[in-house]
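Below: one structure, written as structure tokens.
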Amino acid sequence: MDQGRTTAWALALAGLIPFVGCAVMVALKGQDADAWLGALIAYGAVILSFLGGTRWGAVLAKGSPDPVTLVLSNLPALVAWAALAPLEMPGSLRLGLLAAGLALMWLWDRRRPPGWYPALRATASVGAILSLGLAVLVSV
């Protein structure tokens, strides 16, 4: 495995640590569970926005960007913003928005080159979505 691929995998797996760690802290239902839930929602929003940005960058790198892809690549940031908006909304709904956004990005990226990238995205997405799901189950 080349160094770039190894680094990408290491970063993707390390990126799961906040998802899993925050979800576990929420599940433990300690006095800081709400703070950990907020941290999980914030981190999920950051990652969802990042994934939209990777699409934006990839389409711009092609030289003649596809307008539809440019528009669609902005939707993850809007979903992330909605999950963070200061509205009366239960944490489970915020987590659900993020999980849905991550799942849709995973589906969009499943055939994206290079050939090893879909496996990386599947691993990272499943770990993130399961973490958000655990937090939903224990926070309702």
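Expressed to the nearest 0.5 Å, how far CZ of F50 lies from CD1 of I47 amounts to 7.0 Å.
Among residues two or more places apart in sequence or in another chain, the side chain to side chain contact (heavy atoms under 4.5 Å, CB included) test is passed with P118 by none. Contacts of V71 classified as side chain to side chain contact (heavy atoms under 4.5 Å, CB included), with partners at least two apart in sequence or in another chain: none.
Judged by distance alone, the side chain of K29 and the main-chain N or O of V138 form a donor-acceptor pair under 3.5 Å. Side-chain atoms of R5 never come within 3.5 Å of backbone atoms of D2 as a donor-acceptor pair (strictly under, hydrogens ignored). Remark: side-chain polar atoms of R94 are paired, donor with acceptor, to backbone N or O of A85 under 3.5 angstrom.
One hydrophobic cluster holds both L93 and L87 under the rule that ILVMFWY side chains link at heavy-atom gaps under 4.5 Å. Under the 4.5 Å side-chain contact rule for hydrophobic residues, L40 and V126 share a cluster. Cluster annotation: L28 is connected to I41 through the hydrophobic network of ILVMFWY side chains, with a link wherever side-chain heavy atoms come within less than 4.5 Å. No continuous path of hydrophobic side-chain contacts links I17 to L13 [ILVMFWY only; heavy atoms under 4.5 Å]. L72 and V59 fall into different hydrophobic clusters, where Ile, Leu, Val, Met, Phe, Trp and Tyr side chains are chained together by heavy-atom contacts under 4.5 Å.
You'll find the side chain of L51 reaches within 4.5 Å of the side chain of R121, heavy atoms only.
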Please tabulate, for side-chain N and O atoms in residues 127-137, each donor-acceptor pair with protein atoms closer than 3.5 Å (sequence neighbours left out).
{"from": "S131", "atom 1": "OG", "to": "G127", "atom 2": "O", "distance (Å)": "2.9"}

Enumerate donor-acceptor pairs with a distance under 3.5 Å from any side-chain N or O in residues 73-80 to protein atoms, sequence neighbours excluded.
{"from": "S73", "atom 1": "OG", "to": "T69", "atom 2": "O", "distance (Å)": "3.3"}
{"from": "S73", "atom 1": "OG", "to": "L70", "atom 2": "O", "distance (Å)": "2.8"}
{"from": "N74", "atom 1": "ND2", "to": "L70", "atom 2": "O", "distance (Å)": "2.7"}

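For residues 34-56, every residue pair satisfying the side-chain hydrogen bond (donor to acceptor under 3.5 Å, both in side chains) rule, not counting sequence neighbours, is listed here: T54-R112, R55-D109. Among residues at least two apart or in separate chains, there is no ring-ring contact (aromatic ring centres under 6.0 Å, His included) pair with a member in residues 81-112.
Checking each of L98, L104, L97 against L48 for a side chain to side chain contact (heavy atoms under 4.5 Å, CB included) leaves exactly one that passes, namely L98.
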